Enquirer: 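What follows is a structure written as structure tokens; I'll ask about it next.
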Amino acid sequence: MPYILALDQGTTSSRAILFDHDGGIHAVARKEFGQIFPKPGWVEHDPNELWASQMSVAAEALGRANLGPRDIAAVGITNQRETAIVWDRTTGQAIYNAIVWQDRRTASFCDGLKANGCEQMIQHRTGLLIDAYFSSSKIAWILDNVPKARERARAGKLAFGTVDSWLVWKLTGGRKHVTDASNASRTMLFNIHTGEWDEEILRLFDIPRSLLPEVRSSSEVYGEITTPRELEGVPVAGIAGDQQAALFGQMCLSPGLTKNTYGTGCFMLQNTGEKAVASRNRLLATIAWKIGERTEYALEGSVFSGGSVVQWVRDCLGLIRSAPEIEQLAGSVPDNGGIYLVPAFTGLGAPHWDQYARGLLIGLTRGSTAAHIARAALECIAYQVADLLDAMHADAGIKLKELRVDGGASANNLLMQFQADLLGVPVVRPAVTETTALGAAYLAGLAASYWRNSQEISAQWRAERRFEPQMTRAGAEALRERWSTALDRAKVWEPR
Ligand code: ADP
């Protein structure tokens, strides 16, 4: 039986994972690549290094499993989203480094757009809030700053792509310039309702239509691989942005099913079915995936400080030596002892949106210990996720039945139990936590008829552990009440 190869091109590393027919992991290879910080707030990647590292891990995973192209039924791609690359169609060389989603160089340009009153129109059509985070202002920056770029773009000589497009272009020897609907929906140039590039927004950013890739579904054969040799002839058959791929890998395939990734920050996506929900709470509406002619949508919200709070406890407070140690320390006391940590280190994201908020540790008494602080640090991750879910509930009106979780900090049992207690619904951790790569593999495998349909793959999803709520609702409400009070005190702290 052949395998599916998922290429997971993330922000800090490229990974290749081979999945078997049962959705199990057969082999993995991972390689970090360089982060380029030319100025404060600027973040770039070398597009050639993204490609080279991705190829080397693919070859490594295949070598480790002793497999060749004939053993691979299809390749699926998932990627860091929004990151923008512009390249020359003739030479295939990028004209500037990849400008990474974290890059803030276009923040004032975006403020200008907001001041011009474009926000409503853009939110209505793209589902996004104007921000430097999305691709459009990054593309405009490259066209404005690389000599003759706009002229060459107008003459049809250049191509833009998010990282998925770049990889497919390279894999197919420049034959295919495509992206999928989930990635297109993060460019801030794509009308998520009509499924087309938006001419008016393109004019606003002065981006020629000819620069853009063809938008395809998330699960279909885009083309056959010509390079590298190890994958020659294998079809590329699935593409999705990393968070959407994780939603798919978590089998959140019907409206209301929700996943949260506890990484450095937290990323929550809720499937809203065929309806793009216009958020009134400053969440994002985005395309989850397009399969066949059917486009499905998700609501998305993120928390800036998630697992990074644990890193702060480790590196800045020195209370633990490794991230997993926090569980034991926090578990050595029965509760938080009245301590709340508001981790507004870089302000507060959804749904509070206060860039002037700063971190706060409150409720300290003479009896407060390192263990209480560790507990407050874990708990604050769960409080923020609960606030985000309230906003989703207010927007979509869907009652959550369970929360599916993944990411580094989801390994923490104390945190997961507390999350279930706060939400009053079970928190479910799957057996395969490589949900991003798994989602890409499933999308590719469906198109290649490796799996028959989504029912077949849904049946493969297994929970490793289910955390049932144990706290009374009144107990949880009282805790959330105190958290809200602490949150209010942390708001608008930094002078404007
Ligand atoms: P990213 O993809 O954002 O790099 P990961 O999913 O790899 O993040 O998760 C890493 C984060 O998880 C780190 O911030 C780390 O502090 C946190 N983390 C890892 N293990 C644990 C644990 N057992 N308990 C709490 N946090 C953890």
Side-chain angles (χ1 to χ4, degrees), residues 6 76-79 81-82 123-128 162 164 178-188 190-198 214-220 222 237-261 267-279 283-302 389 392-393 395-404 406 430 435-447 451-461:
I77 294 177
T78 179
N79 55 290
R81 305 176 301 171
E82 298 104 10
Q123 187 187 12
H124 178 70
R125 296 186 193 177
T126 68
L128 308 175
T162 37
D164 55 308
V178 299
T179 188
D180 90 299
S182 75
N183 274 294
S185 75
R186 311 300 296 190
T187 58
M188 216 166 85
F190 192 66
N191 185 318
I192 61 171
H193 310 286
T194 62
E196 283 167 5
W197 298 116
D198 190 287
E214 184 188 344
V215 183
R216 308 270 287 263
S217 76
S218 313
S219 179
E220 64 176 80
Y222 310 97
I239 303 179
D242 53 11
Q243 296 306 323
Q244 287 95 328
L247 190 69
F248 200 81
Q250 286 273 28
M251 289 291 110
C252 293
L253 304 187
S254 48
L257 289 176
T258 308
K259 72 94 195 171
N260 187 50
T261 301
F267 277 97
M268 189 184 293
L269 268 77
Q270 178 168 81
N271 184 318
T272 60
E274 289 182 270
K275 191 166 132 218
V277 172
S279 175
L283 301 176
L284 307 175
T286 202
I287 292 181
W289 44 74
K290 181 178 178 196
I291 298 178
E293 285 310 307
R294 194 179 147 97
T295 300
E296 292 187 53
Y297 297 86
L299 259 180
E300 173 173 327
S302 51
L389 265 169
M392 279 194 180
H393 184 244
D395 275 341
I398 297 173
K399 196 164 164 2
L400 192 74
K401 289 203 196 69
E402 65 180 31
L403 179 67
R404 297 185 175 181
D406 51 48
T435 52
T436 306
L438 183 61
Y442 279 152
L443 288 166
L446 283 172
W451 288 292
R452 264 171 291 138
N453 49 40
S454 53
Q455 284 80 354
E456 186 184 357
I457 52 180
S458 281
Q460 296 185 346
W461 190 87

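FYI, the numbering just counts along the sequence from 1. Keep in mind the model is a prediction, meaning the values are calculated, not measured.
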Enquirer: Nearest heavy-atom pair of Ala288 and Leu247: which atoms, and what distance?
Expert: CB-CD2, 4.2 Å
Enquirer: Where do Asp406 and Ala246 come nearest, in terms of heavy atoms and distance?
Expert: OD2-CB, 4.4 Å
Enquirer: Between atom OG of Ser182 and atom CG of Leu443, what is the distance when rounded to the nearest 0.5 Å?
Expert: 8.0 Å
Enquirer: If you measure only the distance, is there a donor-acceptor pair under 3.5 Å linking the side chains of Glu220 and Ser217?
Expert: yes
Enquirer: Check whether any side-chain heavy atom of Pro430 lies under 4.5 Å from a side-chain heavy atom of Thr435, and answer yes or no.
Expert: yes
Enquirer: Heavy atoms only: give me the nearest Ser219-Leu446 pair and the separation to one decimal.
Expert: OG-CB, 3.9 Å
Enquirer: Is there a donor in the side chain of Thr78 and an acceptor in the side chain of Asp242, or the other way round, less than 3.5 Å apart?
Expert: no
Enquirer: Could you go through the salt bridge (charged side-chain N to carboxylate O under 4.0 Å, His left out) check for Arg216 and Asp180 one step at a time?
Expert: CA-CA 5 Å; Arg216 308 270 287 263; Asp180 90 299; over 6 Å; no
Enquirer: Around atom NE2 of His393, are there more than 12 heavy atoms of other residues, nucleotides or ligands at under 6.0 Å?
Expert: yes
Enquirer: Are any non-hydrogen side-chain atoms of Met268 and Leu389 less than 4.5 angstrom apart?
Expert: yes
Enquirer: Show the nearest heavy-atom pair for residues Gly256 and Leu400, with the distance to one decimal.
Expert: O-CD1, 4.0 Å
Enquirer: Are Gln244 and Ile287 side-chain neighbours, meaning at least one heavy-atom pair lies under 4.5 Å?
Expert: no
Enquirer: CD1/Ile77 to OH/Tyr222 distance, rounded to the nearest 0.5 angstrom?
Expert: 8.5 Å
Enquirer: Partners of Asp395 by salt bridge (charged side-chain N to carboxylate O under 4.0 Å, His left out), sequence neighbours excluded?
Expert: none
Enquirer: CD/Glu296 to SG/Cys252 distance, rounded to the nearest 0.5 angstrom?
Expert: 11.5 Å
Enquirer: Given the rule in the side-chain hydrogen bond (donor to acceptor under 3.5 Å, both in side chains) test, do Thr258 and Gln270 qualify, once you have shown the distances and angles that lead to the verdict?
Expert: CA-CA 4 Å; Thr258 308; Gln270 178 168 81; 3.0 Å; yes
Enquirer: Does Ser185 form a side-chain hydrogen bond (donor to acceptor under 3.5 Å, both in side chains) with Thr286? I'd like the steps, not just the answer.
Expert: CA-CA 6 Å; Ser185 75; Thr286 202; 3.1 Å; yes
Enquirer: Restricting to non-hydrogen atoms, name the atom on Ala237 and the atom on Ala447 that form the minimum distance, rounded to 0.1 Å.
Expert: O-CB, 3.4 Å
Enquirer: May I ask you to test the Leu253-Tyr442 pair for a side-chain heavy-atom distance under 4.5 Å?
Expert: no
Enquirer: Could you tell me whether the side chain of Tyr297 reaches within less than 4.5 Å of the side chain of Val277, counting heavy atoms only?
Expert: no
Enquirer: State whether the side chain of His193 and the backbone N or O of His124 hold a donor-acceptor pair below 3.5 Å, judged by distance alone.
Expert: yes
Enquirer: Are the side chain of Glu456 and the backbone of Arg452 linked by a donor-acceptor contact shorter than 3.5 Å?
Expert: yes
Enquirer: Does any donor atom in the side chain of Gln243 or Lys259 lie under 3.5 Å from an acceptor atom in the other side chain?
Expert: yes
Enquirer: Hey, does Val215 have a side-chain heavy atom less than 4.5 Å from the side chain of Lys290?
Expert: no
Enquirer: Between CG of Asn271 and CE of Met251, what distance do you get to the nearest 0.5 Å?
Expert: 11.0 Å
Enquirer: For residues Ala6 and Ala437, report the shortest heavy-atom separation together with the two atoms involved.
Expert: CB-O, 3.4 Å
Enquirer: With sequence neighbours excluded, tell me which residues meet side-chain hydrogen bond (donor to acceptor under 3.5 Å, both in side chains) with Thr436.
Expert: none
Enquirer: Atom CD1 in Ile291, atom OG in Ser454: separation rounded to 0.5 Å?
Expert: 7.0 Å
Enquirer: Checking Glu402 now: which residues fulfil salt bridge (charged side-chain N to carboxylate O under 4.0 Å, His left out) with it, not counting sequence neighbours?
Expert: Arg404, Arg466
Enquirer: Can you list everything that forms a salt bridge (charged side-chain N to carboxylate O under 4.0 Å, His left out) with Glu300? Sequence neighbours excluded, please.
Expert: Arg81, Arg186
Enquirer: Does Ile457 form a side chain to side chain contact (heavy atoms under 4.5 Å, CB included) with Phe248? I'd like the steps, not just the answer.
Expert: CA-CA 10 Å; Ile457 52 180; Phe248 200 81; 4.0 Å; yes
Enquirer: Of all residues at least two apart in sequence or in a different chain, which pass the ring pair (Phe, Tyr, Trp, His ring centres under 6.0 Å) check with Phe190?
Expert: Trp197
Enquirer: Rounded to the nearest 0.5 Å, how far apart are OG of Ser279 and CG of Leu128?
Expert: 11.5 Å
Enquirer: May I ask you to test the Leu299-Leu284 pair for a side-chain heavy-atom distance under 4.5 Å?
Expert: no
Enquirer: Kindly write out the residues that satisfy salt bridge (charged side-chain N to carboxylate O under 4.0 Å, His left out) with Glu274, not counting sequence neighbours, or none if the list is empty.
Expert: Arg294
